[in-house]
Amino acid sequence: MLKVLLIIAIVFVCLFVLSLIVYFFNLDMKLTSAIQPLLEKHYDKIKRNRKI
């Protein structure tokens, strides 16, 4: 039982440190800016039906 709790605590600490690294280096927005051209290309291909 203690071994399981230790493993859960280690996983929790690793995820917390990973989230701090992502926040500190602003990696989420860097990833978003890298994916944005691909998303725009896909969005531009969508057929639109605008009826007003």
Which ILVMFWY residues can you reach from [X] by hopping between side chains whose heavy atoms are under 4.5 Å apart?
X     : answer
Ile35 : Leu31, Leu39
Val13 : Val17, Ile21, Val22, Phe24, Phe25, Leu27
Ile46 : Tyr43
Val4  : Ile8

Practice item. Can you tell me which residue pairs pass the side-chain hydrogen bond (donor to acceptor under 3.5 Å, both in side chains) test with a partner in residues 29-42, sequence neighbours excluded? Key: Gln36-Glu40
Review point. What residues, two or more places apart in sequence or in another chain, satisfy side chain to side chain contact (heavy atoms under 4.5 Å, CB included) together with Asn26?
Key: Asp28, Met29
Review point. With Phe16, which residues qualify under side chain to side chain contact (heavy atoms under 4.5 Å, CB included), at least two apart?
Key: Ser19, Leu20
Check your understanding: Hey, is CZ on Arg50 packed in by over 12 heavy atoms from elsewhere, all under 6.0 Å?
Key -> no
